[in-house]
Protein chains: 4
Amino acid sequence: MSKPRRAALHRVPMRHPGDTAAIEALFESGALNPAAIVAILGKTEGNGCVNDFTRAYAVQSLSLMLVRRIGAAAAERVALVMSGGTEGGLSPHFLVLAVEPGEAPNPAGALAIGTGFTRDFAPEEIGRPPQAEAVAEAVRAAMAEAGIADPAQVHYVQVKCPLLTTERMAAAQARGATVATEDTYASMGLSRGASALGVALALGEVAAVPAAAIGRDWSLHSGVASASAGVELERCEVIVLGNSTDWDGDLAIAHDVMGDTIDLPAVHRALRAAGLPTEDGQVPEASAVRLVAVLAKAEPSSFGQIRGQRHIMWDDSDINATRHARALVGGVIAGAVGRTDIFVSGGAEHQGPDGGGPVAVIARRAPG
Amino acid sequence: MSKPRRAALHRVPMRHPGDTAAIEALFESGALNPAAIVAILGKTEGNGCVNDFTRAYAVQSLSLMLVRRIGAAAAERVALVMSGGTEGGLSPHFLVLAVEPGEAPNPAGALAIGTGFTRDFAPEEIGRPPQAEAVAEAVRAAMAEAGIADPAQVHYVQVKCPLLTTERMAAAQARGATVATEDTYASMGLSRGASALGVALALGEVAAVPAAAIGRDWSLHSGVASASAGVELERCEVIVLGNSTDWDGDLAIAHDVMGDTIDLPAVHRALRAAGLPTEDGQVPEASAVRLVAVLAKAEPSSFGQIRGQRHIMWDDSDINATRHARALVGGVIAGAVGRTDIFVSGGAEHQGPDGGGPVAVIARRAPG
Amino acid sequence: MSKPRRAALHRVPMRHPGDTAAIEALFESGALNPAAIVAILGKTEGNGCVNDFTRAYAVQSLSLMLVRRIGAAAAERVALVMSGGTEGGLSPHFLVLAVEPGEAPNPAGALAIGTGFTRDFAPEEIGRPPQAEAVAEAVRAAMAEAGIADPAQVHYVQVKCPLLTTERMAAAQARGATVATEDTYASMGLSRGASALGVALALGEVAAVPAAAIGRDWSLHSGVASASAGVELERCEVIVLGNSTDWDGDLAIAHDVMGDTIDLPAVHRALRAAGLPTEDGQVPEASAVRLVAVLAKAEPSSFGQIRGQRHIMWDDSDINATRHARALVGGVIAGAVGRTDIFVSGGAEHQGPDGGGPVAVIARRAPG
Amino acid sequence: MSKPRRAALHRVPMRHPGDTAAIEALFESGALNPAAIVAILGKTEGNGCVNDFTRAYAVQSLSLMLVRRIGAAAAERVALVMSGGTEGGLSPHFLVLAVEPGEAPNPAGALAIGTGFTRDFAPEEIGRPPQAEAVAEAVRAAMAEAGIADPAQVHYVQVKCPLLTTERMAAAQARGATVATEDTYASMGLSRGASALGVALALGEVAAVPAAAIGRDWSLHSGVASASAGVELERCEVIVLGNSTDWDGDLAIAHDVMGDTIDLPAVHRALRAAGLPTEDGQVPEASAVRLVAVLAKAEPSSFGQIRGQRHIMWDDSDINATRHARALVGGVIAGAVGRTDIFVSGGAEHQGPDGGGPVAVIARRAPG
């Protein structure tokens, strides 16, 4: 029988969006083999909105570094997912995911990583059921690759998805096809939404994805999906994180769903499920060393309130609503974990309920 | 022997900075006698910085309403303290403090309110030891008025203080006097700082206020002071909130000091001291009805980090640092209390340690 | 025969949105009779967008002052039109319009002012042809009141118009009526657009206002309309400014239409038509004393370009597009007139062509 | 006798800060030999302030492209000067400066380019007279290289200068040296100011640079300097642009000094000196084709006014003052030239008078 795999996750700071030095230090110290990297998630300090170039800058810097280290072909295979916006106290950082050879499967279960890809989409498919269905298929493939059969063992699914550009819309229209929206920015939300519903479909969280529900019926959602749209791809890329008894290692992942932006109890449940205790609401230092990563989605409620009280996120013409939401959710989670390098991203269409979102915790199991 | 007093505190929403309807509804329903009001604190939805006119707009609107209800002379005596900035999920609201006739003193102690005033300051005194010393005296007077002898029973001291305007600086300089700073904006910080150190002096938190420490030596600070500077006054106005066995009522106040912006355990300690339990980090609904108000200070650490991790608050040229800080602290506290109408204000010079700040909780005692 | 009227226009600075002192100084000096005021336009230093409370604060301050000076009933009849946003170098100021008794009609023509009002609109009429038609009727009434028969003598029409609130939408829907949009913010643009097309209809700039054109077909527009939407009214209020040989005085108004945001030649043509020369592109000091007011509309082109070059106004998630546009148009006009207290307002739907807008100049005629 | 040189300047748009395609298209078309490039100036769409990463992203992208085209050593010699901020209508673009072999000297004078470098500075020299003196020497060297003897023939001097980082300050302090400021951000202004005064010294605009004047006495300034500070260098790099009868080509440069942000006549004088006429204030299309580049500095006046009227740039806590100033000056100049790809940069310490700044125009001479 073949050796099991072992998933590694390194969380390192960046001094600016072009700074890959902390990742390279992992190579120098021997802590990480660059060839083992499968994905890098980055929380960069831009505005997380339309004109946030910190994401592209970080991607270019990471690509250059990877090409130098492992060559262009291998670098090409590493998924780079940047999320802009470190409002409030959020601290810019990278999460580096790697798959290494393990020794023996962990019978208690260990973090498992699988990746999947859809075909390239026609512009008229984006933000519509065909996208969701293709994502569902890619999630199933990623689960298979990760050796996870039970949807309950999937705790986080990152999807990178395309958007509609003016060119792509024109191409579709030239063929007589109609697109889901003629607004480029709106297409990002629809694409994220369709992707999230695809995850929900694969995991049985929804039974079907009707066209009319995408971007409208927020009661349909996934509790583990995290989608981000980018102009640089025409297909969807899927990263599944879950637990598997086939994998080696002492990392485990758990998640819960925040019902709204201030749902600290959901964060506590996710921490507890990942084996992390709290004291006076916060993971104490002795246990905090075992916390490896927190990933969450933030979104202002569409109805303008949090538990019946008005929020001003949609009405503030100086600070974008998603920036308020990241600051807020970042504060709620930082209070619970006692640190600020948390991967909180915005744009949570169909990713958790309206105004809420999934929160996943990856932690090292407590020794014996 | 005379009847004891009873302190009341009403927390009501505002739909915009000029909206006093929810306060007036308290009058209509008989819940509040307008003549009993001693102070109104407001959290308005401006930027909380230089060009935040929501504060002046709210003050004008409240004054108009009070003059209509209780006449100009009585309205004049109500302290109006507006704090701008409802970043993240903070919800705009008013806290209305009133002193009413009570029935019998509460032997367990009840919320007590006292007010005090300094003389008008010469411009050259602002931001310097004479201001601090005069504030200390006013705090002692306010404590006496409230019937609180023990500094340990003082849990929140609001100070409204003056700032240096160009005119005031010129007047001082014409007399040959020098002022603490020639920068109007900087004078706000120095005036808040001197005020806070005055509170600390009165309560024995510091032994003396050396000129060189104001605005520099952040190790000197008060754990209960909350100061805000305004152009409309030349003296300091002090409101002391504490517990006294001379007062009637079932309200009680407690406080703690957040060591940094993400110090959720300090919030938990304050909640517990005020008789409020938490479950999974948050006050459960059954107890939350007893929570009346939370008042806290937020400030980015001057050294650019939170527990060793970089924050970007000082480097963000699009969102003012204090706006980030209010969003963050608002998130930490909202997570603990499960609501967002929390009075989080910025500008915390000498109000708690560098990067941290006081948090006070006012709650109704549990029955029985 | 009755005495002719004389229109007066005073331009005064404000130190903050609540500062009416410069207007009151006009009363004290005898330069202006408060009872003669018909309208006050204000350029306030808010963000000019959703959460700009400087407009309401200025309105409240002006109202208080007017009630104190001329009584509630007379104050009620003064139109107060506030436009937020003094980006770039724009300087906060008020334009006070008054109608006083004159001596003899000016055969060369003099500034004439007329006002008109529509009925209150049903919610389902807002942003639709019935609103435009009612505005057209009110414009004709205002022209009649001003004694202007020739549409070519109308150079500026200010319209204050209502918007759809959640309550108004609900009321309409309860009756089975549909509204033009369910988005409150979008309703402001539709109401401004319908108002501007109403002006165009009255002046013969368009032959009809088809429902499908409102908010869509920017080729239909008025070269003199300036509309602003406010929550405080349910009808439209119209102020017509033109020239009439029935009026006394040495003020005259002219206008032109900027084809895009950098159309300085259009500004020059308007200045020339108002009798103001330029040297090296700018009105020289000797003539500048005769310049009384400049009123203009600013809007980013919907197609993202200025003369073929990309602008970033729509893509900037930190500064609202209308803020960029006001700063830009303010700069173009300030360069021409050598001053910065210019009334540049945003939201130019159907007010000038896509990306452009009307510019009106009011000046004192050169002596002799 | 050796062949004369010919200076070329290409102005090309960028679609985003990482987009070098328009420059590469010049290579493909044969319009530009990449090996001839001496400098690339870029106007990128960031906020132009502390956390503007569009500059570093553009530099990284340009470097990658140049290395690919001309090799690392040659790429290293190209000066890359990025200025962030395209507020108002400013359009992101690159200005590519090249020196090519010419045919015959132009007796009327042609654009000439020279470059110079100082030694690396000790931290304690930055923002102080030694920096200014070294810059003066480098300017003289650059003039010599360009073959310009007469300071009156120098019309634009770009200086890239270092700043004080925390590390550099610590190094100086460890040696017992004091630095000009302990505030990193303030050091940028002092370094720019000292650089500008160095230019002024070289050109005889000032007789000396007293230490006390740097960053304080704005009456001392250069009418042609444009300085920008960057963390990536420890010396100053100087690019001198002027006219020389030793050079070939039909390009010529002229400049003037804007006395304040709305000094359109100064822009007109510069245009006229460069051979460009205006009609109704704007260069007409037929002449506009000869306009190659406009370079200007923008800065809010320190005294808060423009020609006696208040500006709100310093008081706006939502939009940085330099962003307002660039939008305004961009508007004034765009009105004059009828285009928006203008190189307007902020941070104008000692570059023109307080609130004003130099404006340079490069144009093709009119045929015959």
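Not measured: the values here are computed from a predicted model. Chain letters run A, B, ... following the sequence lines, proteins first, then strands; residues in each count from 1.
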**Report entry** Proximal component of B:Thr86, with respect to chain A [non-hydrogen, under 4.5 Å]
**Finding:** both
Query raised in the report: Relative to chain A, which segment of B:Asp260 carries a heavy atom at a distance below 4.5 Å: side chain, backbone, both, or neither?
Result: neither
**Report entry** Pair A:Val359-A:Val257, side-chain contact (heavy atoms from CB on, under 4.5 Å): steps then yes or no
**Finding:** CA-CA 6 Å; A:Val359 55; A:Val257 179; over 6 Å; no
Query - Residue B:Ile319 versus chain A: region with a heavy atom under 4.5 Å - result: side chain
Query raised in the report: For B:Glu45, is it the side chain, the backbone, both, or neither that has a heavy atom closer than 4.5 Å to a heavy atom of chain A?
Result: side chain
Query raised in the report: How about A:His10 and A:Phe94: do any of their side-chain heavy atoms sit closer than 4.5 Å?
Result: no
Query raised in the report: Can you say whether A:Asp315 sits under 4.5 Å from chain B via the side chain, the backbone, both, or neither, judging by heavy atoms?
Result: neither
Query raised in the report: Under a 4.5 Å heavy-atom cutoff, which of A:His324, A:Arg310, A:Arg307 has the most pairs with chain B?
Result: A:Arg310
Query raised in the report: Is it the case that B:Asp354 and B:Ser301 place a side-chain donor and acceptor less than 3.5 Å from each other?
Result: no
**Report entry** Engaged part of B:Glu279 at the chain A interface, taking heavy atoms whose separation is under 4.5 Å
**Finding:** backbone
Query - Top contributor to chain B interface from A:Met313, A:His311, A:Arg339 [non-hydrogen pairs under 4.5 Å] - result: A:Arg339
**Report entry** Part of B:Thr340 lying under 4.5 Å from any heavy atom of chain A
**Finding:** both
Requested in this report: Side chain from CB out, backbone as N, CA, C, O: work out which of these in A:Ala334 comes under 4.5 Å of a heavy atom of chain B, or both, or neither.
Outcome: both
Query - Choice from A:Leu90, A:Asp263, A:Ile262 maximising heavy atom contacts with chain B below 4.5 Å - result: A:Ile262
Query raised in the report: Using a cut-off of under 4.5 Å for heavy-atom pairs, which of B:Arg15, B:His93, B:Arg269 has the most such pairs with chain A?
Result: B:Arg15
Report task. State whether the number of non-hydrogen atoms from other residues, nucleotides or ligands found under 6.0 Å of A:Glu285 atom CD is greater than 12. Result -> no
Query raised in the report: Between A:Met14, A:Arg326, A:Gln305, A:His268, which has the largest tally of heavy atom pairs under 4.5 Å with chain B?
Result: A:His268
Query raised in the report: Hey, are B:Glu24 and B:Thr20 close enough side-chain-wise for a donor-acceptor pair under 3.5 Å?
Result: yes
